[in-house]
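Just below is one structure, and these are the notes that go with it.
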Amino acid sequence: MKKILSIVLLSSAVCASAQLSFAAKANVLIPTSSATWQNLKTAASTAFTESGKNIIGFNAGLSMKVNLPTSFYVMPEIYYTNFSNEVTVANDVNAQSTTIKAKTSRIDIPVLLGYNLLGNTLSAYVGPVASFNLAKDENYDSFSQKVNAKEFSVGYQIGVQSEISKLILSAKYEGAFSSDQRKFINTVAGSSQEINYDNRSSVFMLGLGYKF
């Protein structure tokens with residue numbers, strides 16, 4: 001009984017000392033192949049020159065930061081994420097080009113463990129992100145979607161953020177623990193033309209937030 005009472009009192013003390021803060025956040029998403037500075041520069045340059053055709057997505061949502069008694073914190077978040085990938089291919093059936101614009105929309109729920117490097121001025125975090133896909137089947141000319149995106153997938157995020165008064169600036173990288181591909185196939189008889197689309201591509205995120 002004394003042990004149980006001690007655990008309850010300790011848990012109460014931890015919860016009482018924890019500080020909660022809430023924020024609204026939005027991020028620009030830039031697909032990349034890996035988490036390197038060179039790939040970030042290349043991806044950003046491509047996004048600019050292609051005028052967003054292929055690349056830039058966004059997400060927006062809410063974040064809760066739970067400051068623990070030490071310099072650590074836990075930060076669960078929830079976002080609506082939307083981006084698309086556009087590619088123009090030669091259609092083997094009608095000898096014309098077909099533009100496939102595969103759209104991705106999903107609900108993302110990261111749960112991040114962070115550490116305050118310089119108080120709220122600079123912190124780093126890492127953690128898993130669960131994603132629930134909302135995208136529907138799509139068809140383009142004679143191309144039909146034959147393999148759908150997974151309803152649920154898991155990735156990971158690693159990043160940094162800085163709090164300046166009520167303003168939050170952040171930069172992070174998101175990768176995937178497993179692949180999630182959609183497949184478009186030319187449906188005309190006798191054709192074997194296929195287009196594969198990575199529904200869980202790695203992305204850099206540049207974000208802006210506001211603390212309530």
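All of these numbers come straight from a predicted model, not from anything done at the bench.
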When you group the ILVMFWY residues by side-chain heavy-atom contacts below 4.5 Å and let the links chain together, are [Y] and [X] in the same group?
| X | Y | result |
| --- | --- | --- |
| Y156 | F204 | yes |
| L134 | F152 | yes |
| L118 | L113 | yes |
| M75 | L117 | no |
| L68 | L20 | yes |

Decide yes or no for [X] and [Y]: does some side-chain heavy atom of the first lie under 4.5 Å from some side-chain heavy atom of the second?
| X | Y | result |
| --- | --- | --- |
| F72 | S123 | no |
| L112 | V126 | no |
| Y79 | L62 | no |
| I168 | K211 | yes |
| N27 | L206 | no |
| Q19 | K65 | no |
| M205 | V28 | no |
| Y173 | I158 | yes |

- Measuring from S63:OG to Y210:OH, what's the distance to the nearest 0.5 Å? 15.0 Å
- Query: Are L167 and L208 close enough, and set up right, to give a side chain to side chain contact (heavy atoms under 4.5 Å, CB included), and what steps lead you there?
  - Reply: CA-CA 7 Å; L167 193 66; L208 184 65; 3.6 Å; yes
- Message: If I compare all heavy atoms of G175 with all of S202, which pair ends up nearest, and what's the gap?
- Response: CA-OG, 4.0 Å
- Test applied, side chain to side chain contact (heavy atoms under 4.5 Å, CB included); reference residue, R106; option that passes from N133, N82, N59: N133
- Residue pair F177, V154: steps toward the side chain to side chain contact (heavy atoms under 4.5 Å, CB included) verdict: CA-CA 6 Å; F177 285 123; V154 179; 3.7 Å; yes
- Task: Tell me, with the steps shown, if F132 and D108 meet side chain to side chain contact (heavy atoms under 4.5 Å, CB included).
- Result: CA-CA 7 Å; F132 301 86; D108 289 334; over 6 Å; no
- Task: Kindly determine whether F22 and F212 satisfy ring pair (Phe, Tyr, Trp, His ring centres under 6.0 Å), including the steps that lead there.
- Result: CA-CA 6 Å; F22 297 88; F212 300 147; 7.1 Å; no
- Do NZ/NE/NH1/NH2 and the carboxylate oxygens of E77 and K172 come within less than 4.0 Å? yes
- Task: May I ask you to check whether Y115 and Y125 place their ring centers less than 6.0 Å from one another?
- Result: no
- Task: Decide whether Q161 and S170 meet the rule of one side-chain donor and one side-chain acceptor closer than 3.5 Å.
- Result: no
